[in-house]
Amino acid sequence: MAGEEDAMAGKLVGAIEAGGTKFVCAVGRAPAAGADATPDATPDAAPDALLAETRFPTTTPDETLERAAGWLREAAARHGTLAALGIGSFGPVDVDPASPTWGHVTSTPKPGWQGAAFAPRLAAALGVPVGFDTDVNAAALGEWLWGAGRGTDTLVYVTVGTGIGGGAVLGGRPLHGLLHPEMGHVPVGRDPARDSFPGICPFHGDCLEGMASGPALAAHWGRPAEELPPDHEAWEREAAHLAAGLAAITCVLSPERIVLGGGVMETPGLLERVRDALHARLAGYLRAPRLAERAGLDEYLVPPGLGARAGVLGALALAARAAAVGTRGAD
C-alpha cells in the first residue's frame, strides 16, 4: 500500500473542504505515503504543496458542485492532469464504499442537501477516483500528518463554529464504523432547573452542538458570539458545555491529544477556560500524565497547528490515497 502511494507522490490532485457555509477548493501535489504514513515519515513540505486555492459560498447542490467542478477543471488546465480528488464534507454523509449511497449527504439540516450525490457527481464530472470523508475526519488527518497531532497514534479533532463536529485518526486512518463519528451530538447533561435554554439542535435539542455552537450562543444570549464581552457569563457556560462533551470523548476514545478548532474557539481566553473546566470535569479519575494535573492539559487540549488549512490539507491526503488504491468514484 505505502509503495503504491509513494509512487503517487507529486501527482496533481484536487481537494475540497465542504462546509455548510462555504466551499474551499484547491489543487496540489500528492504527499508521499498517504495511507500508511507516520508523521515522522511525511514530508514537512506537504502543507506547502497547494498550487491554487479558491473559496465560495455553499448554495444549492447543483450550483455549488458545478462551480467546484468547473474551477477544478480550470486549475487542472493550468497545472496538469488531475489524478484524484479528496473531499472532506459537512454531514452526516455516507462514507461506506460498499453502500449504494456512498458519497451522498444524508440527514443534514442544510436545506436542499439531504440526499445530494456529492462525491458521485464530482467523480463523474472529473473522471477521477475520489476519496470521501467528513470535513472533521479530513481535518483530523491533516493535523495528524502535519499539524498539532504529529507524534501521536490516536488524535481527535473537534471544531466549534457554525456547528460542532469531531473526527478521529487511529494509526493514520480516519475512524469509521457503522457510520462515522458524530461527536457534536453527544449529550451534555443539561440541568433544566439551572439552565432553561433548551438548545437548538433540531434532532436532539440540548446536545453539544445544540448548546455550544455559534448559532446556539447567539440564540441563547441574543447576540452573536463575537459581540459577547470576555467577562460575559456565556463563556463560563460555553466552557462547561464543551468540557462535558470533551470528557465523554476522552473517556470513550482515549485519544493522545485533542485539537480544538473552529471560529468560536478563536474567542480570547476560551481555550484556557475549557482546559480548566475539563480538568474539573475529569475529577482526577484518569491518571495519564496529560490528564492527572491541570498543567498537562496544555499539551492535551491544543489549538490547530495548521490553523484554518487543516481540512483542505487533509482532503489533499484523502486524494493521494484515492489515487493510489482507487475508489468507486473511478468507475
Side-chain angles (χ1 to χ4, degrees), residues 38-40 42 44 47 136 139-161 164-172 175 181 183-184 186 188-189 208 211-214 217 225-226 228-311 313-314:
T38 65
D40 293 337
T42 303
D44 290 336
V136 279
L141 181 59
E143 287 289 336
W144 185 83
L145 285 167
W146 303 299
R150 287 179 63 89
T152 66
D153 184 61
T154 57
L155 179 75
V156 163
Y157 178 95
V158 175
T159 183
V160 185
I164 295 180
V169 171
L170 309 178
L175 176 64
M183 300 181 195
V186 299
V188 297
L208 184 58
M211 298 296 291
S213 63
L217 282 165
E226 58 269 23
L228 295 169
D231 59 349
H232 196 283
E233 65 175 312
W235 297 119
E236 181 178 354
R237 299 262 190 108
E238 177 75 359
H241 292 321
L242 291 173
L246 295 171
I249 292 166
T250 297
C251 290
V252 172
L253 291 182
S254 193
E256 294 170 71
R257 186 167 296 144
I258 297 177
V259 179
L260 198 54
V264 172
M265 290 309 306
E266 295 175 4
T267 303
L270 180 56
L271 179 58
E272 287 300 312
R273 285 178 180 265
V274 176
R275 287 169 173 159
D276 291 342
L278 179 58
H279 178 64
R281 187 86 182 193
L282 293 175
Y285 175 68
L286 301 176
R287 304 304 298 173
R290 290 179 182 169
L291 301 178
E293 302 294 335
R294 166 60 184 84
L297 287 173
D298 293 346
E299 300 296 323
Y300 180 71
L301 191 60
V302 300
L306 299 176
R309 303 175 73 205
L313 289 170

Which heavy-atom pair separates [X] from [Y] by the least distance, and what is that distance?
| X | Y | value |
| --- | --- | --- |
| G305 | A148 | N-CB, 3.7 Å |
| V264 | G161 | CG2-CA, 4.0 Å |
| A234 | L228 | CB-CD1, 3.9 Å |
| Y157 | G261 | OH-CA, 4.1 Å |
| V169 | W144 | CG1-CG, 3.8 Å |
| H241 | A212 | CB-CB, 4.1 Å |

Open item on the list: Atom CD of residue position E299 - does it have more than 12 heavy atoms of other residues, nucleotides or ligands inside 6.0 Å?
Closed with: no
Task: More than 12 heavy atoms of other groups within 6.0 Å of E236 CD - done: no
Task: Sidechain-backbone polar pair: R294 side chain, H279 backbone, donor-acceptor under 3.5 Å - done: no
How long is the straight-line distance from [atom2] of [Y] back to [atom1] of [X], given to the nearest 0.5 Å?
| X | Y | atom1 | atom2 | result |
| --- | --- | --- | --- | --- |
| Y300 | L278 | OH | CG | 7.0 Å |
| L306 | L145 | CG | CG | 9.0 Å |
| L208 | L246 | CG | CG | 7.0 Å |
| L301 | L260 | CG | CG | 5.0 Å |
| T267 | H232 | OG1 | NE2 | 12.5 Å |
| D153 | L170 | CG | CG | 7.5 Å |

Taking the side chain as every heavy atom from C-beta outward, state whether [X] and [Y] have any pair of such atoms under 4.5 Å apart.
| X | Y | answer |
| --- | --- | --- |
| T154 | L253 | no |
| L217 | W235 | yes |
| E256 | R290 | yes |
| V302 | R257 | yes |

- [ ] Apply side chain to side chain contact (heavy atoms under 4.5 Å, CB included) to the pair L297 and L291, showing each step before the final yes or no.
- [x] CA-CA 6 Å; L297 287 173; L291 301 178; 3.8 Å; yes
TODO: Decide side chain to side chain contact (heavy atoms under 4.5 Å, CB included) for R273 and E238; before the verdict, give the C-alpha distance in whole Å, the side-chain angles of both, and the deciding distance to 0.1 Å.
DONE: CA-CA 9 Å; R273 285 178 180 265; E238 177 75 359; over 6 Å; no
Task: A277: side-chain contact (heavy atoms from CB on, under 4.5 Å) partners, not counting sequence neighbours - done: A239, A243
Open item on the list: Test side chain to side chain contact (heavy atoms under 4.5 Å, CB included) on E272 and D298; report intermediate values, then the result.
Closed with: CA-CA 8 Å; E272 287 300 312; D298 293 346; 4.2 Å; yes
TODO: Start with the C-alpha gap between L242 and M265, add the side-chain angles, then the distance that decides, and say whether side chain to side chain contact (heavy atoms under 4.5 Å, CB included) holds.
DONE: CA-CA 10 Å; L242 291 173; M265 290 309 306; 3.9 Å; yes
